[in-house]
Amino acid sequence: MAKPIFILGVSCYYHDSAAVLLKDGEVVFAAQEERFTRKKHDENFPRKAITAALTFAGIATEDLSAVVFYEKPLLKFFDRIITCAIDMWPRGLKMFHRAMHEWLQKKLWIPQLIRKELQYRGPLFFTRHHEAHAASAYYPSGFSDATVVTVDGVGEWSTATVGMGRGTDLALKKEIRYPHSLGLLYSALTYYLGFKVNSAEYKVMGLAPYGEPKYMKQMWKLIDLKEDGSFSLNRRYFTYEYGDRMSGRAIEELFGQPTREQEGPLTQFHKDVARSLQEATNEVMLRIVRHAKEFCPSDNLCLAGGVALNCVANGLILRSGLYKQIFIQPAAGDAGGALGAALFVWHKHFEGKRSAKMEHVFLGTEYGNEAIAAFLRKRNLPFETMDDATLLERVSGLLEGENVIGWFQGRMEFGPRALGNRSIIADARNQENWKKVNLKIKFRESFRPFAPTVLEERVGEYFDLDRESPYMLLVADVKMEKRTEIPAVTHVDGSARIQTISRTQNARYYDLIQAFAGRTGCPVIINTSFNVRGEPIVESPEDAVNCFLNTHMDYLVLGNHLLTKTKMPEALLREREEYLRKFQLD
Amino acid sequence: MKLPRPFIWLWEGWKYVSRMIGVVMSFIVLTILWAIIFGFYALIMKCVKLVKHAPAPVTYWHETDPDYPQSLSHGF
């Protein structure tokens with residue numbers, strides 16, 4: 001039997017570092033480093049994620065056929081960083097110092113660092129940043145051909161690309177180049193609205209429905225958009241090319257208000273700016289995919305890059321009817337670059353057969369019932385153990401009403417969303433649960449909406465959506481007559497960021513919701529990530545227990561074990577402030 | 001080999017001082033590089049830009065650079 005080809009994809013040194021392991025073109029393991037280090041958006045070398053991947057596959061680094069990095073560091077440094085420093089001169093001395101330190105000490109030595117970290121002597125490959133994104137969307141899509149669009153902050157030069165995938169071939173044809181970037185425009189306005197860049201863009205998206213698009217005139221001053229979706233930013237308003245901040249005085253003068261302080265009061269003005277930004281983003285994305293279809297015609301669309309996580313724009317693209325089918329890489333941001341880089345090399349260098357469709361994202365670490373029980377006994381925590389049927393019956397009963405439950409099962413999700421294995425769940429019919437989960441469990445902003453998980457076969461009953469949305473990447477309206485039934489997941493504009501679930505994707509989570517539907521008639525529950533604000537999603541039973549003990553969560557389900565808050569030792573419940581201080585607010 | 005304690009202190013002290021020298025030197029070298037080399041080149045580029053008037057583009061799309069053979073094996 002031929003020796004299997006193992007390819008390790010690595011993304012790091014910007015944000016959301018990750019490792020992905022392929023075996024003969026199939027994803028064996030994928031995880032972000034932040035889950036292990038407990039530092040949100042950790043950008044360091046994904047040492048722990050790689051160790052977990054190799055352990056999971058039962059191999060050592062010498063068994064790897066190739067290691068792939070998701071960018072071309074030399075191209076980025078000599079072609080873009082240096083060119084931009086010259087272009088910005090005499091501004092940007094401080095940024096130049098910072099960039100040179102970073103690059104001279106670390107980023108220019110990425111091949112050496114990878115080899116040293118892994119003690120690896122085999123072949124090392126580099127893809128372009130947007131090639132990695134495009135590959136992460138096209139190869140796992142299952143489409144025989146597709147138009148491929150990637151949009152994010154910036155890679156080497158590209159900030160958005162259009163390409164074509166056919167069979168195992170994938171080629172990018174056109175690109176928008178730095179400093180003109182839709183991702184950076186969104187980040188700059190995120191900064192202006194007082195939220196954390198490269199982290200809280202999704203909050204701006206959640207804030208937008210509270211506002212009106214009153215600032216479109218200002219938006220179109222920031223961005224010159226052509227009919228073909230290409231665009232140019234008005235650099236006068238942005239400082240990210242040479243400064244510490246994303247935007248400065250010019251943008252404040254344009255909008256007539258100062259930059260909001262982090263955690264400062266949110267006014268109607270901020271909501272209106274968020275809405276205007278969202279409208280502009282929608283328009284740009286729609287024009288890009290329309291042009292992409294003309295240029296690279298296909299009935300199928302693949303999307304990736306950080307902006308592809310904007311599910312409002314995704315929903316609009318879907319409803320535009322331009323494409324019959326859409327696949328959006330669930331780990332659309334830089335973490336997914338590790339996946340795309342590995343897949344690109346599998347298809348292009350190893351000329352491997354086409355990868356199978358990505359059916360789920362449960363690709364991370366897993367803890368068995370025995371290991372969990374041993375851990376709970378070690379911590380002296382009281383718990384009940386039950387068989388599958390009893391567990392589902394019991395938990396579906398507990399879900400009714402105002403209980404909030406930590407749900408920790410099977411393999412950890414890859415990508416930014418918790419999709420039913422590292423989730424906090426609650427009854428979507430109870431409006432109070434929205435407030436409770438936001439303020440007493442997640443300790444996050446009260447305006448933030450919650451996503452629903454709905455049984456796939458019943459999605460059409462509750463939402464204006466006629467297809468699956470397994471990765472929570474599409475926004476659609478809640479049917480008018482159902483809005484009062486599931487108020488906790490109906491956003492202020494009547495929309496919801498939907499996750500559909502089928503039994504083949506996640507049997508246990510599906511069965512739980514089905515049991516809940518059997519009791520209540522409602523096949524929809526709240527699903528939010530298992531963490532508090534600023535904390536990465538939990539990875540291990542220990543992380544889950546810590547989060548459970550330090551929030552107002554009522555129950556925790558770890559595999560087949562159930563923990564009840566009221567039965568927990570009093571002494572363990574007193575360290576909440578200290579726990580929350582561990583995580584920097586996002 | 002285990003060194004006597006005073007040597008270890010001396011070594012640690014030297015490492016600290018040399019790091020500080022490195023910080024100061026790299027600041028000076030990088031500033032000179034930025035001000036003179038980059039500055040000279042930047043001024044030329046700015047002059048060229050002033051002279052050369054590019055017409056307003058019809059589109060902002062650029063053709064992507066084609067991959068060269070073995071490009072996957074290189075970081076450039």
Side-chain angles (χ1 to χ4, degrees), chain A residues 66 68-69 71-79 82-83 85-90 92-93 96-97 100-101 104 108 110-111 123-128 130-131 156-158 160-163 171-177 180 224-232 288 291 295 341 344-345 348-349, chain B residues 1 3 8 10-76:
Chain A
V68 196
F69 189 67
E71 276 190 341
K72 287 186 175 281
L74 298 179
L75 185 65
K76 193 169 178 175
F77 180 72
F78 290 108
D79 207 26
I82 298 289
T83 309
I86 290 168
D87 193 34
M88 279 297 107
W89 196 91
L93 175 62
F96 174 74
H97 272 289
M100 293 302 271
H101 275 288
L104 293 176
L108 278 179
I110 282 170
L124 189 57
F125 295 101
F126 303 86
T127 65
R128 285 188 227 175
H130 277 260
E131 267 174 352
E156 290 84 8
W157 269 114
S158 318
T161 63
V162 168
L172 300 180
K173 309 274 189 195
K174 285 185 180 186
E175 64 188 14
I176 304 285
R177 290 183 184 159
H180 309 291
D224 175 26
L225 178 64
K226 301 279 189 198
E227 199 50 48
D228 63 2
S230 67
F231 57 86
S232 166
I288 289 178
H291 174 69
F295 190 68
F344 196 77
V345 164
K348 292 275 183 172
H349 178 80
Chain B
M1 188 179 74
L3 289 169
I8 294 173
L10 210 62
W11 170 239
E12 290 300 324
W14 166 244
K15 276 204 295 187
Y16 178 76
V17 171
S18 61
R19 201 178 306 126
M20 288 303 111
I21 294 171
V23 169
V24 174
M25 286 307 292
S26 64
F27 180 82
I28 293 168
V29 170
L30 284 173
T31 305
I32 292 170
L33 178 76
W34 184 80
I36 298 175
I37 313 281
F38 278 49
F40 178 72
Y41 192 57
L43 285 172
I44 293 173
M45 296 305 288
K46 282 176 202 298
C47 292
V48 171
K49 256 189 203 168
L50 279 177
V51 178
K52 212 169 89 180
H53 276 287
V58 181
T59 179
Y60 296 114
W61 288 113
H62 298 265
E63 298 293 321
T64 51
D65 296 328
D67 274 345
Y68 56 91
Q70 302 299 316
S71 77
L72 278 174
S73 302
H74 303 290
F76 49 83

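Throughout, a chain's letter reflects where its sequence line sits, starting with A, and its residues are numbered from 1.
Looking at His291(A), only its side chain comes within 4.5 Å of chain B, counting heavy atoms on both sides. With a 4.5 angstrom heavy-atom cutoff, Leu124(A) touches chain B only via backbone atoms. In this structure, chain A has a heavy atom under 4.5 Å from the side chain of Leu33(B), while its backbone stays farther away. Heavy atoms of Ile110(A) lying under 4.5 Å from chain B are absent altogether. The contact between Asp224(A) and chain B is made by backbone and side chain atoms together, counting heavy-atom distances below 4.5 Å. Heavy atoms of Lys226(A) lying under 4.5 Å from chain B belong exclusively to its side chain.
Counted within 6.0 Å of CD on Glu12(B), heavy atoms from surrounding residues, nucleotides or ligands total more than 12; the atom is thus considered enclosed. No more than 12 heavy atoms of other residues, nucleotides or ligands lie within 6.0 Å of OH in Tyr16(B), so this atom counts as exposed by the packing criterion.
Aromatic ring orientation, Tyr68(B) versus His74(B): parallel (interplanar angle below 30°, classes split at 30° and 60°).
Contact tally against chain B (heavy-atom pairs below 4.5 Å) for Leu93(A), Val162(A), Thr127(A): the top residue is Leu93(A). Listed options Glu227(A), Lys173(A), His349(A) were ranked by heavy-atom pairs under 4.5 angstrom with chain B; first place goes to Lys173(A). For the options Met100(A), Met88(A), Arg128(A), heavy-atom pairs under 4.5 Å to chain B are most numerous at Arg128(A). Your options are Pro73(A), Pro123(A), Ala160(A), and the one with the most heavy-atom pairs under 4.5 Å with chain B is Pro73(A). Among the candidates Glu131(A), Lys76(A), Glu156(A), His97(A), the residue making the largest number of heavy-atom pairs closer than 4.5 Å to chain B is His97(A).
A donor-acceptor contact shorter than 3.5 Å links the side chain of Trp61(B) to the backbone of Asp228(A). Side-chain atoms of Lys46(B) never come within 3.5 Å of backbone atoms of Tyr41(B) as a donor-acceptor pair (strictly under, hydrogens ignored). Between the side chain of Trp89(A) and the main chain of Leu43(B), no donor-acceptor pair closer than 3.5 Å is present.
Across Leu172(A) and Thr161(A), no two heavy atoms sit closer than the pair CD2-OG1, 3.7 Å.
Within the model, atoms CZ of Phe38(B) and CD1 of Ile86(A) stand 5.0 Å from one another, a figure rounded to the nearest 0.5 Å.
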